[in-house]
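In what follows, chains carry the letters A, B, and so on, assigned in the order in which the sequence lines appear, proteins first and then strands, with residues in each chain numbered from 1.
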Amino acid sequence: MRHTIAVLVENEFGVLSRVVGLFSGRGFNIDSLTVAPTNDESLSRITVVTRGDEQIIEQITKQLNKLIDVIKVIDFEAENAIEREMVLVKVNAEEQSRAEVLRIADIFRAKVIDVTPKSYTLEATGTPAKVSAMIELLRPLGLKELVSTGPVVIGRGAKGWKG
Amino acid sequence: MKMNGARIVLECLKREGVDTIFGYPGGTVINLYDELFSFKEIRHILPRHEQAGVHAADGYARATGKVGVALATSGPGATNTITGIATAYMDSIPMVILTGQVPTALIGNDAFQEADIIGITRPCTKHNFLVKDVKDLAVIMKKAFYIARTGRPGPVVVDLPKDIQIAQTEFEYPETVDIRGYKPTVEGHPRQIEKAVAMIAQAKKPVIYVGGGVILGNASEELTTLAKQLDIPVTTTLMGLGSFPEDHPLSLGLLGMHGTYYANMAVSHCDLLIAVAARFDDRVTGKIASFAPHAKIIHLDVDPTSIKKNVRVDLPIVGDVREVLTQMLKVTDAKNKDLAAAKEGFASWKAEIDEWKSKHPITYRQTGSTIKPQYVIQRLRALSDPDAIVATDVGQHQMWTAQFFGFTIPRTLLSSGGLGTMGFGLPAAMGAQAAFPGRQVIAICGDGGFQMNMQELATMVQNRLDVKIVILNNNFLGMVRQWQELFFDKRYSSTCMELPIDFIKLAEAFGAVGLRATKVDEVDEVITKGFATKGPVLMEFKVAREEKVLPMVPAGASLTEMVLAS
Ligand SMILES: Cc1ncc(C[n+]2csc(CCOP(=O)(O)OP(=O)(O)O)c2C)c(N)n1
């Protein structure tokens, strides 16, 4: 099962390596990981997407909580959370396909952020499902380069850190 | 008062009640050593290798329950500490390891004797700190000791760049610490405790399975009271030996790979397993799928990650082991009618266990004049002080000590359980002796592991650490040889030590006393003389070379599939 876990950590030297080292040292999966400071300067927030059965996910959250620099861990359930990721994607855009790329961009509300005679670069934001649906449509046209932030997640309403 | 970082470190140690440290000097800690020169409140012991220094601090911690402290210089000094740190980490030993580091401005430049010790020790410490500003130093030291000793204890590294040791600042030691991401649970949840007691009242065949956490958490007394009060048999892991008196009828001794027949049978047939501060190590459980197959499991531990890591658990209780056992004792006394009724039912279960006990006791045969290693262990017990501290190395002699010594007092067995570190025994004994100069401390080693840290004979002689060293010399890396005999067709690949070493001359070269027994009737004489002789004494026993540790559960087999002694 895929899980999106948010980890609130001390904004300190070496914290990311502790979190990443925990995953590699114990053989847990990381599908994606993002990290950035929060509105509280002393804190950073890591969002990690991982996979595993119930027992593994329980171990992951417990092991994360055990790290001294980890302040809170939330294993978000889909119904209580909003997940978004951003991708920048460079696609082949030559005569026949130029219009098609724009059409797809339009459907997914992606922005064209760079244009050359041979390519378009699009910026798209959305749920991981939406973003990957767009990628799949673009793929046959010739994906030159794809970069993704990986998902970030926030709780709905009262769910989250202070709920 | 204004003082330099080096002095601050020592002032912090003093305030943490540290009286002894084990350290080795070098360029990046020379300032610390300069302060130590005139700092009389702390005894500094110079081992002959940093690994041994850390093991010694570890032995000190295991024997006393206090935080052990070791010190090493940057680069090679720091990397030499790794095995010691990993050993302490696996067994949850409270320690603070201070390492020198190159000056802050040079970090990352591949400076002379630079090693990224924070990166290297990250996976084998409970936590680690790089001090980047002398103003943070006192707070970091306070946090390091607090983290090392609370919750599930463990080693903490503090990396001290040279310029931090030189820089001056106002010294003030904080009274308290607050780490928002670190709040170990102390009390057990009352409802979980109620449920546990109800489960015990329902049980017909309960067993208590005790791990090293009971010793680390100073809960042996509570555990013993509870077991006696409930009349439930107790088996312990290697790390748990000494938590429950092995001479008590409820004791089943060791369980697991080299556990007793009756402990393994009891665990395999029980209907309730009460795991107390144990972590279901694979050497204990054997094949997980057939571990305690008929049992409901209650698991009490201070570390939530230990619970449900390896086995399913029906009732978890997170909390400090001593606290939780005290909470339980409040509701398990004579007034509890359900328990009183259940207890009567335990009689037939205990009778079943007694049958297993008499059918296959822990045993060996001493025939002829060749010394059986088990015999030496039994004679050591008989001739040593009741409160003697025994440190073992790793291998067959370690398991024979666990099987035949009969531990009755917590913190009298010091052994590397989790990492299984050869070379641990001798320096650990040295550390315990430094803590308890008046007590008998015995290091039981194989001829292989002894050679991994034998340079410490010098430290012992120099510092009058009068450890009585026992070498069970089989001229083999015995434990590996045993596996080769059983599972590799006696192909003794690189386990025969070929070269016969004159250990007596070796002891004498260091200024210690050496004694040797080659026949069974010399054993008592050597032990008695060894114990009576002042100073460090090395006693070598030439033992039966191909004796096996039995019973044995082959790796990956179920606990009931034991190879038994004939
Ligand atoms: C540092 C280290 N290296 C290797 C091993 C693997 N090992 C486990 S027991 C053992 C043999 C120990 O031989 P010895 O010290 O002579 O003790 P004996 O088993 O003969 O009692 C070995 C090599 C280990 N545990 N630790």
I'd like a table of the N/O donor-acceptor pairs between chain B and chain A - cut-off under 3.5 Å, distance only.
from, atom 1, to, atom 2, distance (Å)
B:R122, NE, A:S17, O, 3.4
B:N128, O, A:R18, NH2, 3.0
B:N128, OD1, A:R18, NH1, 3.0
B:N128, OD1, A:R18, NH2, 2.9
B:R180, NE, A:E10, OE1, 3.4
B:R180, NE, A:E10, OE2, 2.8
B:R180, NH2, A:E10, OE1, 2.8
B:R180, NH2, A:S42, OG, 2.9
B:D303, OD2, A:K66, NZ, 2.7
B:P304, O, A:K62, NZ, 2.8
B:T305, O, A:Q59, NE2, 2.8
B:T305, OG1, A:K66, NZ, 3.4
B:I307, O, A:K62, NZ, 2.8
B:K308, O, A:Q55, NE2, 3.0
B:K309, O, A:Q55, NE2, 2.9

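The side chain to side chain contact (heavy atoms under 4.5 Å, CB included) test applied to A:A78 returns no partner, not counting sequence neighbours.
For a residue to count as touching a neighbouring chain, one of its non-hydrogen atoms must lie under 4.5 Å from one of that chain's; by this rule B:P123 does not touch chain A. Both the backbone and the side chain of B:I307 come within contact range of chain A, with heavy atoms under 4.5 Å apart. In this structure, chain B has a heavy atom under 4.5 Å from the backbone of A:L22, while its side chain stays farther away. With a threshold of 4.5 angstrom between heavy atoms, A:L67 approaches chain B through N, CA, C or O but not through any side-chain atom.
Of the residues considered (A:L43, A:V9, A:L8), A:L43 shows the highest number of contacts with chain B, using heavy-atom pairs under 4.5 Å.
For A:I154, the CD1 atom is loosely surrounded, since the number of other residues' heavy atoms within 6.0 Å does not exceed 12.
Put simply, CD1 on B:I147 and CD1 on A:I68 are 4.0 Å apart, with the number rounded to the nearest 0.5 Å.
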